[in-house]
Amino acid sequence: MKDSVIAPQQTPSAQRSTRDLTRAAVSGWLGTAMEFMDFQLYSLAAAIVFNKIFFPDVSPAIGLVAAMATYGVGYVARLAGAVYFGRMGDRIGRKKVLYVTILLMGASTTLIGTLPTYATIGILAPILLVVLRLVQGFGAGAEIAGATVMLAEYAPVQKRGLISSLVSLGTNSGTLAASGLWAILLAVLSEDQLLSWGWRLPFLLSFLLMIFAVWLRRSLKESPVFEERPDVVDGVALARTEVESAIATADEHKGSVLAAGIRQRKGKAFFLALGLRFGQAGNSGLIQTFLVGYIATNLAVSRSVPTDAILYGSLVGFATVPVVGMLGDRFGRRAIYLALSGLTVVLAFPVMLLITSGSTPGVMIGMVLGLNVGVLGLFSLESVTMAELFGSRTRFTQLALAKEIGGILATAIGPVLAATLTAVTGSWWPIAAMLVVYSLITFVSAFLAPETRGRDLVRLEDAV
């Protein structure tokens, strides 16, 4: 496969200080942490208390289904948010959009903690819950994509993989923070205290995180890449017709640069990005969602073992994510993508043998290994590679859509398919087979993709 590395070209005015870069890195990490903390807070609340306080007039089973359905509507809103805010971010800048998304996520999460329950206002309570969940998802649909774009466009080219990987660390931070808060509440409060007022505390405490994140983003400078785009005038991207007019009057060099950005046929880079996303998202759905329930239901081990394994795997991920980012900077994105996805294919059946052995050490080792190689390692690479695949004119939109569509297809369908196949066969091998298929999709996509390390992110056209 032919490399398509393009030497970076940044003018002095596009440079940012170390302090600017640090602020952007913390902002990206914090926003992603907040996104995943909000969603994890909600998912745990939906599983633990929402069926009792928002849907008490139905059977416990139906109440749980209804509570989890309110969780699911957020994913529908995420896709809408990806389209709306992605296009806005490509037109008026990354900073403004990220400021709005953090406000939407933080405000809706905090307001969930103030909602009256079904006992107070009846059917209006779950309706308001769904509305806030939709707002939360609408903002979250562009948050991680925007943070990824911002960090990649801020980072020095030699350390772009490492710095972009900080977005991935936000997922660990947010999940661990939310899980920790709920663990404390369950440990220190009685059930009556939890149902009457305790459940509100995690949502209300998220307000403090939102205030800090909003303050940080207010003083964040715009992406240097957005400012240097040749199709941006006075902070706003020109419409296609305006670019066509500009091409007619521009000199030969600028005219060719503008023409490359608007006349390139879109699609190839997007589908490659979708394939890269598919392996990571699909493996995540199997390992972090389906296997936790499968192990607890089918193996003679404590229910705490798989959840503890995810906790330990997430902690190990704080080392895995930056190391993979640095390896991508050193050896290129394709080589590390091929290595990790290929290794996941090779390890799929041995890892499942360990997990299904019934021994606590086997479950722990298998889950930690699968999570770090097949999920978090790929996530670290995904953060920078997707940004480099797309041209600056549509980077935010395409990246957001690739993440959300890939996530919905792989993560939503995967656990349901795995549950069906394991029930029909009575065996664990379909899980391993699905890990192989998901990882092969990413392997083939990485093989077909160009090497993007060092690509000039100011260029308007996609890498392919």
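Every heavy atom of this structure was used, including side-chain atoms; hydrogens, water molecules and symmetry mates were not. Because the structure is a prediction, the values reported are computed rather than measured.
Taken from CG in Leu30 to CG in Leu209, the straight-line distance is 5.0 Å, to the nearest 0.5 Å. Taken from CZ in Arg265 to CG in Asp462, the straight-line distance is 13.0 Å, to the nearest 0.5 Å. Put simply, CG on Leu272 and OG on Ser445 are 6.0 Å apart, with the number rounded to the nearest 0.5 Å. Interatomic distance, Leu238 CG to Ile247 CD1, rounded to the nearest 0.5 Å: 10.0 Å. The line from CG of Leu276 to CG of Leu389 is 6.5 Å long, rounded to the nearest 0.5 Å. In this structure, the separation between CG on Leu376 and CG on Leu381 is 11.5 Å, given to the nearest 0.5 Å.
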* Derivation of the side-chain contact (heavy atoms from CB on, under 4.5 Å) call for Leu204 and Phe207 -> CA-CA 6 Å; Leu204 296 176; Phe207 178 76; 6.0 Å; no
* For side-chain contact (heavy atoms from CB on, under 4.5 Å), just list the numbers for Gln280 and Val375, CA-CA rounded to whole Å, side-chain angles, deciding distance to a tenth of an Å, and then say yes or no. => CA-CA 5 Å; Gln280 182 273 323; Val375 179; 3.8 Å; yes
* To do: Show your working on salt bridge (charged side-chain N to carboxylate O under 4.0 Å, His left out) between Glu388 and Arg453 and close with a plain yes or no.
  => CA-CA 7 Å; Glu388 292 173 329; Arg453 179 184 54 159; over 6 Å; no
* Taking it one step at a time, do Lys96 and Glu222 satisfy salt bridge (charged side-chain N to carboxylate O under 4.0 Å, His left out)? -> CA-CA 8 Å; Lys96 295 174 184 176; Glu222 180 56 84; over 6 Å; no
* To do: Kindly indicate, with the supporting measurements, whether the criterion side-chain contact (heavy atoms from CB on, under 4.5 Å) is fulfilled by Val324 and Ile336.
  => CA-CA 8 Å; Val324 170; Ile336 307 303; 4.2 Å; yes
* To do: Dump the intermediate steps for side-chain contact (heavy atoms from CB on, under 4.5 Å) on Met434 and Leu421, then the final yes or no.
  => CA-CA 10 Å; Met434 289 179 68; Leu421 292 175; 4.2 Å; yes
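Within a 6.0 Å sphere centred on NZ of Lys159, other residues, nucleotides and ligands contribute 12 heavy atoms or fewer. Heavy-atom neighbours of Tyr84 OH from other residues, nucleotides or ligands within 6.0 Å: at or below the threshold of 12. Other residues, nucleotides and ligands place more than 12 heavy atoms under 6.0 Å from the CZ atom of Phe349. At most 12 non-hydrogen atoms from other residues, nucleotides or ligands lie less than 6.0 angstrom from CZ of Phe271.
Thr32 contributes no side-chain N or O that, together with a main-chain N or O of Trp29, makes up a donor-acceptor pair within less than 3.5 Å. Listed for the Glu451 side chain is a donor-acceptor partner under 3.5 Å among the backbone atoms of Arg334. The main-chain N or O of Thr320 is never found under 3.5 Å from a side-chain atom of Asn372 such that the two would form a donor-acceptor pair. Side-chain atoms of Thr397 do not come within 3.5 Å of backbone N or O of Thr394 as any donor-acceptor pair. Looking at Arg277, its side chain does come within 3.5 Å of a backbone N or O of Lys403 through a donor-acceptor pair. Between the side chain of Gln264 and the main chain of Gly261, no donor-acceptor pair closer than 3.5 Å is present. Using modelled atom types, no side-chain atom of Ser164 and backbone atom of Val384 make a donor-acceptor pair closer than 3.5 Å. Without hydrogens or angle criteria, Lys95 side chain to Leu220 main chain gives a donor-acceptor distance under 3.5 Å. No donor-acceptor distance shorter than 3.5 angstrom exists from the side chain of Thr385 to the backbone of Glu382, with no hydrogens or angles considered. The main-chain N or O of Thr241 is found under 3.5 Å from a side-chain atom of Ser245 such that the two form a donor-acceptor pair.
Closest heavy-atom contact between Arg23 and Ser219: NH1-OG, 2.8 Å. Residues Phe226 and Gly235 approach most closely at CE2-O, 3.6 Å, considering heavy atoms. Nearest heavy-atom pair, Asp90 versus Ser392, reported as atom, atom and distance to 0.1 Å: OD1-O, 3.8 Å. Of all heavy-atom pairs between Ser439 and Thr344, the closest is OG-CG2, 3.1 Å. For Gly146 against Phe396, the heavy-atom pair with the smallest separation is CA-CZ, 3.3 Å. Closest approach of Phe290 to Ile431, counting heavy atoms only: CE2-CD1, 3.5 Å.
There is a side-chain donor-acceptor pair under 3.5 Å between Ser27 and Arg217. Side-chain polar atoms of Arg395 and Gln398 form no donor-acceptor pair below 3.5 angstrom. In summary, the side chains of Thr422 and Trp428 do not present any donor paired with an acceptor at a separation below 3.5 Å, with no hydrogens or angles considered. Defined by atom type and a distance below 3.5 Å, a donor-acceptor pair is present between the side-chain atoms of Ser383 and Ser168. Side-chain atoms of Ser108 and Gln136 include no donor-acceptor pair closer than 3.5 Å.
Using a 4.5 Å heavy-atom threshold, the side chains of Phe203 and Thr110 count as separate. Within the 4.5 Å cutoff, no side-chain heavy atoms of Val458 are placed close to those of Pro224. Looking at Tyr99 and Val214, their side chains come closer than 4.5 Å, going by heavy atoms from C-beta outward. Residues Met364 and Asp308 form a side-chain contact, since some pair of their non-hydrogen atoms from C-beta on lies under 4.5 Å apart. When side chains are defined from C-beta on, Leu371 does not count as touching Met367, because their heavy atoms never get closer than 4.5 Å. Residues Phe443 and Val345 fail the side-chain proximity criterion, which asks for heavy atoms closer than 4.5 Å. In this structure, the side chains of Asp456 and Arg459 come closer than 4.5 Å at one or more pairs of heavy atoms. When side chains are defined from C-beta on, Phe36 does not count as touching Leu176, because their heavy atoms never get closer than 4.5 Å.
The one candidate from Arg393, Arg91, Arg240 that meets the salt bridge (charged side-chain N to carboxylate O under 4.0 Å, His left out) condition with Asp231 is Arg393. Each of Val436, Leu369, Leu435 was evaluated against Leu347; a single residue qualifies, Leu369, per the side-chain contact (heavy atoms from CB on, under 4.5 Å) test.
A salt bridge between Asp329 and Arg160 is absent, with no side-chain N of the basic residue lying under 4.0 Å from a carboxylate O of the acidic one. For the pair Glu35 and Arg78, the salt-bridge criterion is met [side-chain N within less than 4.0 Å of a carboxylate O].
Between Phe138 and Phe85, the distance separating the two ring centers is shorter than 6.0 angstrom.
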